[in-house]
Amino acid sequence: MINSESDLARLIDQTNLNLGATRGQIQEFCEEALPLGFAALCVLPNMVPVASRAAAGSATVVAACISFPLGMDLPSTKAYEAREAQEMGAGEIDMVIHTGRARAADTSYIAREVGTVRRAVPSPHLLKVIIEMPLLSSEQARLAALAAEEGGADLVKTSTGFKPLKIRATTVADVVLLRAALGPRTGIKAAGGIRLLVEVEAMVEAGATRVGTSSGMAIVEEHRRRAG
Amino acid sequence: MTELSASDLAARVDASVPIPAATEAELWEWFSRLEPWRLAAVAVEPAMVGLASKWFHPRGQPVCGLIAYPLGAMTTGAKVVQAEQALSDGADELDIAMDLSAFRSGDYGKVVDDLRTVRWLAGDRTVKCIYYSSLLSESEGLEAAALAVEAGITFLKTNPGYGNVTAPEQVAAVRRRFGQEVRVMASGGIRNRAEALSMIASGADRVATSSLVGVLGG
């Protein structure tokens with residue numbers, strides 16, 4: 001399925017969401033990642049201008065993480081952040097839903113909040129919707145994924161991978177669940193604790209169309225060694 | 001200090017919700033368990049401020065909205081939108097997280113802009129600045145705190161929690177540097193009464209915790 005290094009890189013959102021990363025560090029992160037042809041560079045909103053300048057003219061787009069990592073903002077705030085990130089150069093938005101509403105199976109709220117952000121950043125801007133599956137039951141996750149799809153998500157993303165939440169890593173089972181629930185036109189982004197090439201391959205095999213990781217460089221390197 | 005009564009200690013505590021991704025039903029249940037206490041504030045994320053205000057305002061309990069929490073990595077504009085929403089939904093106080101990336105990048109203008117704008121929006125309400133004491137050296141921490149003071153925020157909150165544990169020495173350091181010019185809230189890793197008291201003994205005016213029963217007793 002993943003035949004070449006460029007196939008691999010095109011599946012990966014190379015990610016740096018480090019608290020307190022300097023502009024210089026983000027600049028360096030982008031410069032090192034850009035030649036590899038990743039799908040996106042995933043950063044926090046205050047780093048979007050730095051990443052956008054670095055990525056200008058390349059095939060790699062910048063993805064901004066909105067209402068990250070807790071998702072505890074009103075839809076109007078999320079829409080503001082998404083629109084602003086887009087104006088600053090982000091081509092993709094990774095937004096976190098109100099996970100408490102997902103735990104309460106409040107699907108109409110989730111469809112509405114995703115719809116609000118969708119209208120703020122219409123296609124072809126890609127909208128990825130994070131449903132924090134480690135905090136949800138299977139049924140809550142399934143309902144949240146469907147609500148995100150109804151609201152206009154292009155991809156449903158398994159987790160923030162935010163370490164201080166002390167949540168489990170994303171699993172192949174998460175991706176399988178989403179693949180079974182979602183329509184064929186909705187993509188899946190697996191994220192949270194993915195560090196190895198075999199993990200990327202397993203996620204893609206299960207139906208992931210993107211993989212989010214802060215280890216993209218090492219994973220591509222691993223692929224080179226294997227191709228060796 | 002050990003003689004501080006539970007209710008005197010409660011008056012110095014900002015409580016935060018201990019349930020990750022709480023549902024509305026879980027929030028009402030947790031709110032109702034705070035009934036015996038009059039706390040300094042109950043701190044909640046922006047989407048919960050309206051709900052918390054509805055419950056706590058009739059009971060005379062102040063509500064604090066957490067802005068740019070916990071990463072501080074938002075634009076000035078987004079922090080303003082969040083703060084306006086929290087204030088219009090009833091927040092009596094705001095805690096705003098500093099842009100640590102801007103600070104470490106030497107862009108003190110962005111750091112101060114965020115803080116000054118939100119300070120101004122909040123009018124005469126209490127605003128605290130989270131300055132990530134545990135992620136900075138002592139001298140950097142004092143420099144970050146000085147930027148908050150420069151922006152007009154004279155209530156310093158050491159950390160956002162989420163794994164950033166505050167040491168009593170960090171509280172003592174800002175207290176030494178700024179004297180009575182500032183108030184200090186120790187936040188991060190405070191789980192019981194002894195830890196809360198040691199922060200107060202080191203100069204903290206308030207402590208933040210999501211372990212209310214641990215700090216105040218059941």
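Per chain, numbering begins at 1; letters A, B, ... match sequence-line order. Heavy atoms only: backbone and side chains are in, while hydrogens, waters and symmetry mates are out.
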So which bits of [range] come within less than 4.5 Å of chain B, counting non-hydrogen atoms only?
range                       : result
residues 84-109 of chain A  : A:E84, A:M88, A:H98, A:T99, A:G100, A:R101, A:R103, A:A104
residues 52-74 of chain A   : A:F68, A:P69, A:L70, A:M72, A:D73, A:L74
residues 125-158 of chain A : A:L135

Top contributor to chain A contacts, counting heavy-atom pairs under 4.5 Å, from B:A47, B:G50, B:G163, B:P46: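 Max contact count across the listed options: B:A47.
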
Residue selection (most heavy-atom pairs with chain B, distance under 4.5 Å) from A:L17, A:N46, A:T77: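 Most pairs with chain B among the choices: A:N46.
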
Leading residue by heavy atom contact count with chain B [cutoff under 4.5 Å; candidates A:P75, A:P49, A:P45, A:G20]: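 Most heavy-atom pairs under 4.5 Å with chain B: A:G20.
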
Taking atom CD of B:E150 as the centre, does the number of heavy atoms from other residues, nucleotides or ligands within less than 6.0 Å exceed 12?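 It does: B:E150 CD has more than 12 such atoms within range.
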
Taking non-hydrogen atoms and a cut-off under 4.5 angstrom, which of residues 96-122 of chain B neighbour chain A?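 Expected list: B:D99, B:L100, B:S101, B:A102, B:R104, B:S105, B:D107, B:K110.
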
Kindly indicate whether the side chain of A:L44, heavy atoms from C-beta on, has any atom under 4.5 Å from the side chain of B:L71.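 They are in contact (side-chain heavy atoms under 4.5 Å apart), so the answer is yes.
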
Gap between atom CG of A:L19 and atom OH of B:Y162 - 0.5 Å precision: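 Separation between the atoms: 12.5 Å.
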
Please look at B:E84 and chain A and tell me whether the side chain, the backbone, both or neither of the residue comes under 4.5 angstrom of a heavy atom of that chain.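 B:E84 has no heavy atom closer than 4.5 Å to chain A.
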
